[in-house]
Amino acid sequence: LDVLLVKKVGLLKAAGLIEGRSGSGTYLGPVAKTAAGFLGMIVPDRDWNMFFAAVANGIEANARTAGYTLLKDDCSAKSPDERAYQMERLAREFALKRVRGVIVAPFESWEKSDLATRRILDELRKSDTPVVLIDRDYAPEAGRSAYDLVAADNFRAGYLLARHFVRQGARRPAFLRLPRSGTATLDRIAGFACGLQDGGLRKSGVRELEFDATDLQAVRKLFAAKDRPDAIACHNDHVAAYLLQTLARLKVRIPHDVMIGSFDDCNLAEMLSPPLTSVRQPAAAIAETAFRTLLDRIANPPAAPRKILLDV
């Protein structure tokens with residue numbers, strides 16, 4: 001109990017909500033004296049993506065411990081256009097309510113991803129609302145956005161999965177990505193390429209696959225070819241789960257005929273049969289770091305944007 005109490009007091013001090021004065025006691029900190037007490041969160045697939053659900057729950061827990069109320073709403077409509085509308089409307093509400101800061105997960109895998117994310121960020125910029133991005137940026141590395149970013153070290157994640165495949169005897173590995181993948185996936189592919197090269201494979205780069213994992217005909221065609229892959233790294237656990245289902249329908253044996261690996265290592269990975277090899281994303285650490293980074297941004301708006309990568 002004492003350890004838990006010390007940790008909570010530490011979070012409150014880090015948030016600027018309390019401060020200790022030697023020989024006097026503990027008092028309200030500078031943030032607590034001026035804070036409205038509200039933060040916002042905008043995540044497009046929080047309600048069905050287990051990884052983002054875990055991150056969102058962690059952010060909410062950190063906010064609650066520090067005395068903030070985290071505002072959020074459902075942004076998980078089926079249509080990407082509808083999700084974009086939900087997210088932009090929520091950003092507008094946050095701006096009107098003058099929340100102290102907002103954590104945003106940018107869109108990906110949609111032809112309008114960058115445009116939709118920019119519209120959301122523009123709504124918040126108009127009201128000078130501090131923003132921290134999680135998981136991925138909304139622009140390629142060469143054109144980094146002007147926002148703090150907290151994410152897993154996705155390059156290392158891709159590297160680790162590639163080296164695992166090589167150690168298990170893979171000779172024809174491939175990477176199954178979603179169309180218009182975000183920066184997180186692009187970093188994983190780059191790390192995957194490096195891991196294969198260090199393992200003595202594919203000096204010319206990564207074989208990238210791009211199809212719907214539920215498309216029976218596409219998967220059948222892939223595995224009917226002479227150069228069919230013997231290992232596939234998937235965009236995330238959800239894509240891997242769909243691919244495993246399709247492969248089961250085609251009587252493709254895992255891992256005898258092909259090894260399947262992925263990223264996130266959420267509860268879904270353990271429930272699949274066979275269990276999925278997945279590189280864990282540090283959801284709890286991302287949540288806590290994003291929350292602390294947002295408080296830093298609130299306290300010092302002019303500071304240069306930071307890119308914080310957490311170990312996997």
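- Using a 4.5 Å heavy-atom cutoff, the side chains of Leu186 and Arg177 are in contact.
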Between Arg207 and Asp227, is a side-chain contact (heavy atoms from CB on, under 4.5 Å) present by the stated rule, with each step listed? CA-CA 11 Å; Arg207 180 183 181 186; Asp227 63 343; 3.9 Å; yes
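- Side-chain contact check for Pro301 versus Asp128: every heavy-atom pair is 4.5 Å or farther apart.
- The minimum heavy-atom distance linking Gln281 with Ile286 is given by the pair OE1-CD1, 4.2 Å.
- Using a 4.5 Å cut-off between side-chain heavy atoms of Ile, Leu, Val, Met, Phe, Trp and Tyr, with links allowed through other members, Phe155 and Phe175 fall into different hydrophobic clusters.
- The existence of a salt bridge linking Asp264 and Arg280 is excluded, since no basic side-chain nitrogen approaches an acidic carboxylate oxygen closer than 4.0 Å.
- Among all heavy-atom pairs drawn from Glu208 and Ile189, the shortest one is OE2-CG2, 3.7 Å.
- Every residue two or more places apart in sequence or in another chain was checked for a salt bridge (Lys or Arg N to Asp or Glu O under 4.0 Å) with Arg64, and none qualifies.
- The backbone N or O of Ser181 lies less than 3.5 Å from no partner atom in the side chain of Thr185, so there is not a single donor-acceptor pair.
- Here the side chain of Asn154 pairs no donor or acceptor atom with the backbone of Ala157 at under 3.5 angstrom.
- Atom CG of Asp230 is separated from atom CZ of Arg172 by 4.5 Å, given to the nearest 0.5 angstrom.
- Summarising the geometry of Leu201 relative to Ala170, their closest heavy-atom pair is CD1-O, 3.2 Å, with the distance given to 0.1 Å.
- One finds no salt bridge joining Arg118 and Asp122 here, because no Lys/Arg side-chain nitrogen approaches an Asp/Glu carboxylate oxygen to under 4.0 Å.
- Crowding of Phe223 atom CZ: a count of heavy atoms from other residues, nucleotides or ligands under 6.0 Å exceeding 12.
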Given side-chain contact (heavy atoms from CB on, under 4.5 Å), test Ser262 with Thr277 step by step and report yes or no. CA-CA 6 Å; Ser262 184; Thr277 297; over 6 Å; no
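- Scanning for side-chain contact (heavy atoms from CB on, under 4.5 Å) contacts around Ala84 gives Phe107, Trp110, Ala116, with sequence neighbours left out.
- Phe263 carries Arg188 over the face of its six-membered ring, with the cationic atom under 6.0 Å from the centre and within 45° of the normal.
- A single hydrophobic cluster is seen to contain both Leu310 and Phe51, as judged by linkage of ILVMFWY side chains at heavy-atom distances under 4.5 Å, directly or through other members.
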Can you list the steps and then say if Asp212 with Tyr242 is a side chain to side chain donor-acceptor pair (under 3.5 Å)? CA-CA 9 Å; Asp212 185 341; Tyr242 287 128; over 6 Å; no
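- Scanning both residues, Pro130 and Arg297, for their nearest heavy atoms gives CB-CG, 3.6 Å.
- Expressed to the nearest 0.5 Å, how far CE of Met259 lies from CG of Leu276 amounts to 13.0 Å.
- Met41 is not listed as a side-chain neighbour of Leu71, based on a closest heavy-atom distance of 4.5 Å or more.
- Remark: the backbone N or O of Ala53 is paired with a side-chain donor or acceptor of Asn57 at under 3.5 angstrom.
- Using a 4.0 Å cut-off between charged nitrogen and carboxylate oxygen, Lys307 and Asp148 do not count as a salt-bridge pair.
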Decide yes or no on salt bridge (Lys or Arg N to Asp or Glu O under 4.0 Å) for Arg89 and Asp73, but give the supporting numbers first. CA-CA 10 Å; Arg89 182 198 63 202; Asp73 203 354; 3.6 Å; yes
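- Atom-to-atom distance recorded for Leu160:CG and Phe192:CZ is 11.5 Å, nearest 0.5 angstrom.
- Tested against Ile59, the residues Val132, Ile103, Leu294 include a single side-chain contact (heavy atoms from CB on, under 4.5 Å) partner, Ile103.
- For Tyr85, the OH atom sits in a loose shell: 12 or fewer heavy atoms of surrounding residues, nucleotides or ligands are nearer than 6.0 Å.
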Verdict with supporting geometry, Arg292 and Glu288, salt bridge (Lys or Arg N to Asp or Glu O under 4.0 Å): CA-CA 6 Å; Arg292 288 180 178 274; Glu288 182 174 351; 3.2 Å; yes
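- Linking Ile, Leu, Val, Met, Phe, Trp and Tyr residues whenever their side-chain heavy atoms come within less than 4.5 Å places Leu250 and Ile232 in a single cluster.
- Linking ILVMFWY side-chain heavy atoms closer than 4.5 Å, directly or via other members, places Ile260 and Val219 in a single hydrophobic cluster.
- Comment: Asp187 does not engage Arg136 in a salt bridge, judged by the lack of any side-chain N to carboxylate O separation of less than 4.0 angstrom.
- Of all heavy-atom pairs between Pro106 and Ile134, the closest is CD-O, 3.7 Å.
- To the nearest 0.5 Å, the span separating CG on Leu176 from CZ on Phe211 amounts to 5.0 Å.
- Salt-bridge annotation for Glu88 and Arg92: present, with a side-chain N of the basic residue lying under 4.0 Å from a carboxylate O of the acidic one.
- Nearest heavy atoms, Val312 versus Ala152: CG1-CB, 3.8 Å.
- Here the straight-line distance linking atom CZ of Arg180 with atom NZ of Lys112 works out to 11.0 Å at 0.5 Å rounding.
- Residue Ile120 is grouped with residue Leu149 when hydrophobic side chains (ILVMFWY) are merged at heavy-atom distances under 4.5 angstrom, including chains of intermediate members.
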Using the side-chain contact (heavy atoms from CB on, under 4.5 Å) rule, take Val43 and Cys75 through it: C-alpha gap first, then chi angles, then the decisive distance, then the call. CA-CA 7 Å; Val43 179; Cys75 296; over 6 Å; no
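- Using a 4.5 Å cut-off on side-chain heavy atoms (C-beta onward), Tyr147 and Pro305 make no contact.
- Within 6.0 Å of the CZ atom in Arg249, the count of heavy atoms belonging to other residues, nucleotides or ligands does not exceed 12.
- Contacts of Leu115 classified as side-chain contact (heavy atoms from CB on, under 4.5 Å), with partners at least two apart in sequence or in another chain: Arg119.
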Given Arg228 and Asp257, is the side-chain contact (heavy atoms from CB on, under 4.5 Å) satisfied, shown in steps? CA-CA 10 Å; Arg228 60 185 176 274; Asp257 299 324; over 6 Å; no
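- Remark: the backbone N or O of Ala105 is not paired with any side-chain donor or acceptor of Asp135 at under 3.5 angstrom.
- Counting heavy atoms from C-beta outward, Arg306 and Thr293 have side chains that approach closer than 4.5 Å.
- When side chains are defined from C-beta on, Leu39 counts as touching Ile298, because their heavy atoms get closer than 4.5 Å.
- With a 4.5 Å cut-off on side-chain heavy atoms, Phe94 and Phe38 do not count as touching.
- Formation of a donor-acceptor pair under 3.5 Å by the Arg83 side chain with backbone atoms of Lys78 is found in this model.
- With rounding to the nearest 0.5 angstrom, the CG atom of Leu309 is 11.0 Å from the OG1 atom of Thr289.
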Please walk me through it: do Ser278 and Asp237 pass side chain to side chain donor-acceptor pair (under 3.5 Å)? CA-CA 7 Å; Ser278 184; Asp237 290 350; 2.7 Å; yes
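- Without hydrogens or angle criteria, Thr117 side chain to Asp114 main chain gives no donor-acceptor distance under 3.5 Å.
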